Amino acid sequence: MKYISLSKSKYCKAKQCNKILWLDKNKPEEAIDAGNESVLENGTKVGELARNYFGKYENIEFNNDLSKMILDTEVKLKNKPNIITEASFNFNNNFCSVDILKNDIDGIEIYEVKSSTDIHEIYLDDVSYQYYVLNNLNFNIKKVCIMYINSEYVRNGNLELDKLFNIEDVTEIAISKQNEIQEKIKEINEYMQKYATKEKEPEKRIGMNCFEPYGCAYWNYCTKDLPKNNVFDIRRMRKEKN
Ligand code: SF4
């Protein structure tokens, strides 16, 4: 089987609904980005702050040529111990960049940064996918963690990053999800092969997965034949209000 290129964001989209990947590939113009710019902006700011959590770090600059990022990572990995942000890897067409990688002498630690004040299931899928890629590349992964905002932190003077962020060790969960990840990657590849062309559109299955964990950008497209103010529209309006 020829594997499609996956990334952690594509994997997480497919966890919500395989059809999102198909639409991204074949009908991206149908997406209506409910994008909340301030949420994105906050996420970027939090990510930048988190980079300093362990002190000095080396960043892998984004490049449209992902192989350049992977090569840069290989070079920086040799300077252990060090901290690398956006360290990038590929296993069998499964690409991922790690928000913060602690590159110790005896192994690595993976840190996924979230601007949320709690941990959602999709974050666990995200880090488990990263574990899958790096584990298959034979890294000794000592720890997989999620860094998220401590809602109880009150700044008093200088910003204290060790108090601003909570760190949750989710290594056991990531390990327990490895079979699931492998199966899901296989399923995504079979799905994208079965519906390989624009003409072969998969059936749409609207349901609660259209709202969780995120409101889907293809909602209008997938519901275009439904009467207005259907039960799903009401559910969606309620969710947007909250
Ligand atoms: S609107 Fe629902 S069915 Fe359509 S792609 Fe999004 S999640 Fe899938």
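What you see below is based on every heavy atom in this structure, not just the backbone, and it leaves out hydrogens, waters and symmetry mates. Here, residue 1 is the first one in the sequence, and each next residue gets the next number. Counting starts at 1 for both ligands and their atoms, in listed order. None of these values were measured; they are calculated from a predicted model.
For atom 8 (Fe) of ligand 1, the nearby protein N/O/S atoms, meaning those under 2.8 Å, are Cys17 SG.
Surrounding NZ of Lys194 are at most 12 heavy atoms belonging to other residues, nucleotides or ligands under 6.0 Å away. Counting non-hydrogen atoms of neighbouring residues, nucleotides and ligands closer than 6.0 angstrom, the CG atom of Asp106 exceeds 12 such neighbours. A 6.0 Å sphere centred on CG of Asp65 holds more than 12 heavy atoms belonging to other residues, nucleotides or ligands. For Glu152, the CD atom is loosely surrounded, since the number of other residues' heavy atoms within 6.0 Å does not exceed 12.
Distances below 4.0 Å separate heavy atoms of Trp219 from the following atoms of ligand 1: 1 (S).
With respect to the salt-bridge test (charged N to carboxylate O, under 4.0 angstrom), the residues Glu183 and Lys177 do not qualify.
Side chains of Gln193 and Tyr191: a donor-acceptor N/O pair is absent below 3.5 angstrom, by distance only.
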